[in-house]
Number of protein chains: 2
Amino acid sequence: MYSYTEENYLKTIYKLSEQGNESINTNSIAEVLQTKAASVTDMIKKLADKKLLNYEKYKGVALTERGRKVAVDTVRKHRLWECFLYDKLKFGWDEVHEIAEQLEHINSELLTDKLDEFLDFPTHDPHGDPIPSKNGVIKKSNFILLCDAKPNQTLVMSGVADHTAVFLQHLNKISVVLGTEMQITEKNDYDGSIAVKLSGNKSMYFSKDVAKNILVKVK
Amino acid sequence: MYSYTEENYLKTIYKLSEQGNESINTNSIAEVLQTKAASVTDMIKKLADKKLLNYEKYKGVALTERGRKVAVDTVRKHRLWECFLYDKLKFGWDEVHEIAEQLEHINSELLTDKLDEFLDFPTHDPHGDPIPSKNGVIKKSNFILLCDAKPNQTLVMSGVADHTAVFLQHLNKISVVLGTEMQITEKNDYDGSIAVKLSGNKSMYFSKDVAKNILVKVK
DNA sequence: AAATATTTTTAGGCTTGTCTAAAAATATGT
DNA sequence: ACATATTTTTAGACAAGCCTAAAAATATTT
Ligand SMILES: [Mn+2]
Ligand SMILES: [Mn+2]
Ligand SMILES: [Mn+2]
Ligand SMILES: [Mn+2]
């Protein structure tokens, strides 16, 4: 239906929209897609012709309902494939994204449905991100950043704000995975570092750089 | 590494070579790929530049060792994905080929290896075709056509010569699947039809058109 | 051997998606 | 308000992969 490239543009614009940005500008799309602004302008015009987004010269773009559906569907496929790679093929959570970038473009609605069923209808991918439903609904998670959490609550590690392989590998190294429970025992205003108590009374320190990229939910 | 299109050309040339044809001519490639001879000539020149095949003007092409490896690897991926779709996702054997045509181009050696392991190292795909090993070895099956088999031997349905969905659906309809055992009770020279006895003494007739597309092995 | 038919290649052009360089529009600073 | 900086668009070009029409080579008939 839509090309690999078109789906990537739509997905990028969708993700930028979700990050608060009201209307999406050419340069930010170019940066995410590692391409040039001129190329983005070209593609934007084509997507606008196909009614996948609204575009006014020099004013940025916004997805149409149709464009959003294509984007969300691509995200759905991406995250389902990540679940497959992680749960079934035993890839690490730092390895799945790159392969899912390819698999998300496989075009078969029946395949997506059967994969969903095979995985037992997962609600979140290996990074804690929610999986859109078949009809395009995304359940917003009420996760908060670890650096914003209050002390003396039981927190459950539930996602990441930084999806890079290096960050995920760092979490592997310090044995912090989805589901890890912790309580904040100390917040240091000076450097933003946080001390937590894990199960078995083990304690651990997070630098601000780490604490601001860990998503937790209050148990 | 190689494009979707390049892999499809190499796979096509490989399959034509396997079918006995010594050197492969432009028109036959065009026919399989549903494209035009002029396009084939263009691509052949590019593949020759990349040392994936040997080409002499007007003399046809033959894969190099390197080209053969890429082709066989694509076939390996295709058949492993067919196994996944059939065994795990419960697709029908008439549905898997089309989706595998997309999945065979996913580029990750680790993914292929892990998929192979997840499927418990299958040796044949849902159509009875052998799965090439990681290092490119294909074990030739000693299957024979049902129409060429002798009476009074126990035959095991082991593959198909016609891979079209309509043929596979016909076999579904008459409940002939891989593993079905039979003995030929009668061969009619007049129309090439064959009568067989199945388990439970059920008898069944195959027209020549069907019998010449069923592969069996002698038990 | 010559004529005819078929196959293959070339020539030129199209679409998709990309690029660089330059022009135009918008935003920012004083 | 005007000058400067930044962002965006346009213009023109390129590679991949495809096409049609014509030319060249090869194969088949007679
Ligand atoms: Mn991902
Ligand atoms: Mn993810
Ligand atoms: Mn197939
Ligand atoms: Mn098959």
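Chain letters run A, B, ... following the sequence lines, proteins first, then strands; residues in each count from 1. Keep in mind the model is a prediction, meaning the values are calculated, not measured. Excluded from the calculations below are hydrogen atoms, water molecules and symmetry mates; all remaining heavy atoms, backbone and side chain alike, are included.
With distances taken from any side-chain atom of B:Y58 to the nucleotides D:dA24, C:dT18, D:dT9, the minimum falls on D:dA24. Residue A:S3 has its side chain nearest to C:dG17 when only C:dT8, C:dT26, C:dG17 are considered. Comparing C:dT8, C:dT10, D:dT10 against the side chain of B:A38 picks out C:dT10 as the nearest.
Dashed line: the shortest gap from a side-chain N or O of A:K36 to OP1 or OP2 of C:dT20 is under 4.0 Å. Using a 4.0 Å cut-off, some side-chain N or O of B:T35 falls inside it from OP1 or OP2 of D:dC19. For the OP1/OP2 pair of C:dT18 and a distance below 4.0 Å, the side-chain nitrogens and oxygens of A:S39 include no atom meeting the criterion. For the pair A:N27 and D:dT8, the criterion of a side-chain N or O lying under 4.0 Å from OP1 or OP2 is met. A sub-4.0 Å separation between OP1 or OP2 of C:dT9 and a side-chain N or O of B:K45 is absent.
As judged by a 4.0 angstrom heavy-atom cut-off over every strand, A:Y55 is placed among residues touching the sugar-phosphate backbone only. Contact annotation for A:K46: base contact, defined as any heavy-atom pair under 4.0 Å involving a base atom. Using a 4.0 Å heavy-atom criterion, one finds that B:T26 contacts the sugar-phosphate atoms exclusively. B:N25 comes within 4.0 angstrom of the backbone, heavy atoms only, and of no base. Among the protein residues, A:T5 comes within range of the sugar-phosphate backbone only, with heavy atoms under 4.0 Å from sugar or phosphate atoms but none that close to a base. Using a 4.0 Å heavy-atom criterion, one finds that B:K59 contacts no nucleic acid atom at all. Counting any heavy atom pair closer than 4.0 Å across all strands shown, B:Y9 reaches sugar-phosphate atoms only and no base atom.
With rounding to whole Å, B:L10 atom CG is found 11 Å from D:dG17 atom P. Taking atom CD of residue B:E56 and atom C1' of nucleotide C:dT8, one finds them 14 Å apart after rounding to whole Å. When rounded to the nearest whole Å, the span between CE of A:M43 and P of C:dC19 equals 11 Å. When the P atom of D:dA16 is taken as reference, atom OH of B:Y4 falls 19 Å away, rounded to whole Å. Remark: C1' of D:dG12 and CG of A:D42 are 11 Å apart, rounded to the nearest angstrom. Whole-Å rounding puts the A:Y2 OH to C:dT16 P distance at 14 Å. Put simply, CG on B:L33 is 12 Å from C1' on D:dG17, counting in whole angstrom units. The CD-P distance, from A:E6 to C:dT15, rounds to 15 Å in whole Å.
At a threshold of 4.0 Å, the pair A:E6-A:K50 counts as salt-bridged, since one of the basic side-chain nitrogens sits closer than that to a carboxylate oxygen. Salt bridge B:E101/B:K11: present, at least one basic N to carboxylate O contact under 4.0 Å.
With 3.5 Å as the limit, one finds a donor-acceptor pair spanning the side chains of A:S133 and A:N135. Side-chain contact check for B:D125 and B:H78: no donor-acceptor pair (N or O, by modelled atom type) lies under 3.5 Å. Of the N and O atoms on the side chains of A:T164 and A:D162, at least one donor lies less than 3.5 Å from an acceptor on the other residue.
A cation-pi arrangement, defined by a distance under 6.0 Å to the six-membered ring centre and an angle within 45 degrees of its axis, is present between A:K88 and A:F118.
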